[in-house]
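These numbers come from a predicted model, not from an experiment. Reminder, nothing fancy here: chain letters follow the sequence lines and each chain counts from 1.
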Number of protein chains: 2
Amino acid sequence: MNRPMRSRRQATLASLAAELGVSRTTVSNAYNRPDQLSPELRKRVLETAKRLGYAGPDPVARSLRTRRAGAVGLLLTENLSYAFRDPAAGGVLEGLALACEDAGVGLTLVPGGPGNEDVAAVHRAGVDGFVVYSVPDDDPHLEAALQRPVPTVIVDQPQLDGLDRVGPDDEAATVDLANHVVGLGHRQVGVLCMRLSSDRNDDFASQYRQQDAHYHVQRARLAALQRTFEAAGVPWDSVPVVERFDHHVDDGASAARQLLDKHPRVTALICTSDILALGALAEAGRRGLRVPADLTITGFDGIGEATRAGLTTVHQPVLEKGKAAGQLLLGAGDRVASKVITLPTELRVGTTSGPPRTAEQHWFGP
Amino acid sequence: MNRPMRSRRQATLASLAAELGVSRTTVSNAYNRPDQLSPELRKRVLETAKRLGYAGPDPVARSLRTRRAGAVGLLLTENLSYAFRDPAAGGVLEGLALACEDAGVGLTLVPGGPGNEDVAAVHRAGVDGFVVYSVPDDDPHLEAALQRPVPTVIVDQPQLDGLDRVGPDDEAATVDLANHVVGLGHRQVGVLCMRLSSDRNDDFASQYRQQDAHYHVQRARLAALQRTFEAAGVPWDSVPVVERFDHHVDDGASAARQLLDKHPRVTALICTSDILALGALAEAGRRGLRVPADLTITGFDGIGEATRAGLTTVHQPVLEKGKAAGQLLLGAGDRVASKVITLPTELRVGTTSGPPRTAEQHWFGP
DNA sequence: TGAACAAACCGTAACGGTTCAGAACACGGT
DNA sequence: ACCGTGTTCTGAACCGTTACGGTTTGTTCA
């Protein structure tokens, strides 16, 4: 410890006031309202503070009195690696952090361990509001947050009526993407998706499991794919869907392997995230499949690495998403009605999608 | 707002106690020490709480009394994008978040805007300690944190005596890497490095600027390179060093461009981060340079994308780094002496390094 | 001359909890 | 009838600060 030795006890505003022979109010004013006391006295207060090793009013006591914690809480998916390893999630965090920074408030990551039913941390967090990102619809932590008498904003994931929410139109964006793939002529497709529910299932996902997914975004994207492909005459029960609980590039690779082993004739792999798509790309390379000649691969999110890899994907403004959430939350309080912000998306056709290798071409585009 | 309507004022422990006709102590015990009251009464308390919309003891008031905020503060570099976009930084954050999660405490990102001299946020943060990551040695926010009567742990960046610190041996690791490059026979090398000081300099960095760098890690790596190359007979003033303030792949590309435009004869580009190296790789491709036949490129950190790209780099255990920092901080308090944890690194030779294209080969290896 | 007013400072009452030393009571044993 | 031992609940002190409504002092101006 290189910090200066302190007297028996940490100095407080009161002890400082006693030492100076002034009232506590005056010391408080020295820090919070410089215009309320003479510059000389203020200087004297600050000097004595330094001498006593007093670093200014205690944040917690201040928060209690002012009823503002000066921080917003972030509730996110059970496994943190998703939040930090997926650039899309990172973008959301960054945007949110930026909004908080602008407002001069902290951003507190509230713990909610894997399978952790312990919501105590949510109750114990000293925050002025919550941003909830990417948790399943029935998450107990979310419920705990809603109990707290502070505003809450949802980003993307839980779908709940009456709450402030920020996110893209996942259905519409996915329909665009699917139409692109259909338009290229693909009829034998496979899907790689992220975790659908809280229980681990690193395997094919039944239609029931798809419809029952607790992760709204995945459910929405799958539903949109189903709609589009069925409209194109592809029965959904003929489309294999492989799910992965974790969300690393390797998981995408293993999912692709599992799917292609069982369904070698698919000509397109639609992935519900870029990370999974990058893994699929790696697996395709390992098998000697040319992309897109032998296999079309698409992602979702539009992260940097995807762009660099030329991935066909849907880009969404993740930074803005986080920022919007923060601003929404910090601007709340006066507002009465709940607000929903829908962000634009953009289909970005790269070099990983093309017509299928099979002889008969279904080409509907110009 | 879908939250239940509340009476005039939010319920408190006192109002609950009054409603029930018991003491505040008892209500408090119902939440914190269930064994201190009869199960029936506890049940009655909890039921009444639910009825009144009381979500449990106020976190801030509790923190004031117990003198534990239940969160650790994270102070990081001025620009957040570094923290969220660089997977190495993300790994540190994740590890730290994991350690916090294990301990059931929150992790608060304390704002400290770019060029923001306003350290108020550091004083206002209700935290039990600080982790400082990747800030310049003379950062005012760091100073503010040290004033606070809470423990502090440094990760990687600021080099300050007497403080707890976690990080790799940057010098030794860089020497290993440099020896690898020297051993391959390279004598005409260039260096791409990250921000050296708080002022922007997207240009070549003079030797003075290198030695005066406020970012300790960069300074250490450059110094190690200098030592190794001079030992191999390469005068350091013949080695161009290009600096970039921001830290995206594109910045690495533009830095490589700038360096290669002026020094087309260099046979190796040593980058102080994988992100910069990935950019250099892209720029090499753009120029039609074969890697490593025409140009050797190395990185630092060992992030996933680097591995996938086959980059020669130094791997460091970023997750463990963050975890160690968290554990160190949360385990502090009883401890007296300051502690320093040095993490192991590993040189990972990939497919982006090889002997130089020039005729004369200097091969010192087996 | 004294009324009006601004500047500088102060006293008190919260803010919403936790904690500790007991009080009140019930119960079995002697 | 008395004692010791739990169990269950309570009263009061305290955590460190800021909000609010003063009082005091000095200056200005009709």
Side-chain angles (χ1 to χ4, degrees), chain A residues 6-45 48-49 52-70 120 123-128 148-150, chain B residues 6 8-45 49 52-70 120 123-128 148-150:
Chain A
R6 275 173 230 307
S7 45
R8 313 225 113 267
R9 184 111 184 210
Q10 188 50 231
T12 72
L13 199 135
S15 68
L16 227 187
E19 172 88 13
L20 282 158
V22 301
S23 79
R24 304 210 297 283
T25 303
T26 301
V27 179
S28 176
N29 283 336
Y31 285 97
N32 303 315
R33 305 188 177 170
D35 57 313
Q36 294 291 307
L37 73 174
S38 63
E40 309 86 61
L41 178 55
R42 179 170 135 93
K43 196 176 154 219
R44 203 154 67 83
V45 171
T48 313
L52 266 47
Y54 180 70
D58 180 282
V60 176
R62 168 185 290 177
S63 288
L64 174 60
R65 183 65 241 225
T66 60
R67 315 178 77 37
R68 306 189 338 96
H123 284 128
R124 294 190 122 86
V127 296
D128 296 319
R148 295 270 308 262
V150 295
Chain B
R6 278 174 227 305
R8 312 225 114 268
R9 186 117 186 204
Q10 189 50 230
T12 72
L13 196 136
S15 68
L16 228 188
E19 172 87 13
L20 283 157
V22 301
S23 76
R24 305 212 304 285
T25 303
T26 301
V27 178
S28 176
N29 283 336
Y31 285 96
N32 303 315
R33 307 185 176 178
D35 57 314
Q36 294 292 306
L37 73 173
S38 63
E40 309 85 63
L41 178 54
R42 178 169 136 91
K43 195 176 156 220
R44 203 154 65 84
V45 170
L52 296 179
Y54 179 70
D58 181 282
V60 176
R62 184 205 302 252
S63 289
L64 174 60
R65 181 65 239 231
T66 60
R67 317 179 75 41
R68 304 191 337 95
H123 287 297
R124 296 190 120 89
V127 297
D128 297 319
R148 295 272 307 263
V150 294

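- The interatomic distance linking A:Arg124 (CZ) with C:dG17 (P) rounds to 13 Å, in whole Å.
- When heavy atoms are screened at a 4.0 angstrom cut-off, B:Thr26 is found touching base atoms of the nucleic acid.
- Between the side chains of B:Asn32 and B:Arg62, at least one donor-acceptor pair of N or O atoms lies under 3.5 Å.
- Contact detail for A:Thr48 and A:Glu19: the closest heavy-atom pair is CG2-CG, 3.8 Å.
- Taking atom CD of A:Gln10 as the reference point, atom P of D:dC14 lies 19 Å away to the nearest angstrom.
- If you check every strand for non-hydrogen atoms under 4.0 Å, A:Leu64 touches a base.
- Nucleotide D:dT7 holds its P atom 14 Å from the CD atom of B:Glu40, rounded to whole Å.
- Atom CG in B:Asp58 sits about 6 Å away from atom C1' in C:dG16, given to the nearest Å.
- In terms of heavy-atom proximity, A:Leu16 sits nearest to A:Val45 at CD2-O, 4.3 Å.
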Inset, instruction - Using a 4.0 Å heavy-atom cut-off, write out nucleotides 18-23 of chain C from 5' to 3' as B (base contacted by protein), S (sugar-phosphate only) or - (no contact). - result: BBB---
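- Counting all heavy atoms, side chain and backbone alike, A:Pro57 lies closest to A:Tyr31 at CD-CG, 3.7 Å.
- Where A:Ala14 and B:Gln36 each meet DNA chain D at their nearest nucleotide, the meeting point lying more 5' is that of B:Gln36.
- Protein atom CG of B:Leu20 is 13 Å distant from nucleotide atom C1' of D:dC9, rounded to whole Å.
- You'll find that the side chain of A:Tyr54 is closest to D:dT17, out of D:dT17, D:dC9, D:dG16.
- Listed for the B:Arg68 side chain is no donor-acceptor partner under 3.5 Å among the backbone atoms of B:Ser63.
- Within 4.0 Å (heavy atoms only), A:Val60 reaches no atom of the nucleic acid at all.
- Per the geometry, CG belonging to B:Leu41 stands 16 Å off P belonging to D:dT7, to the nearest Å.
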Inset, instruction - Go through A:Gln36 and A:Thr25 one step at a time and tell me if the side-chain contact (heavy atoms from CB on, under 4.5 Å) criterion holds. - result: CA-CA 10 Å; A:Gln36 294 291 307; A:Thr25 303; over 6 Å; no
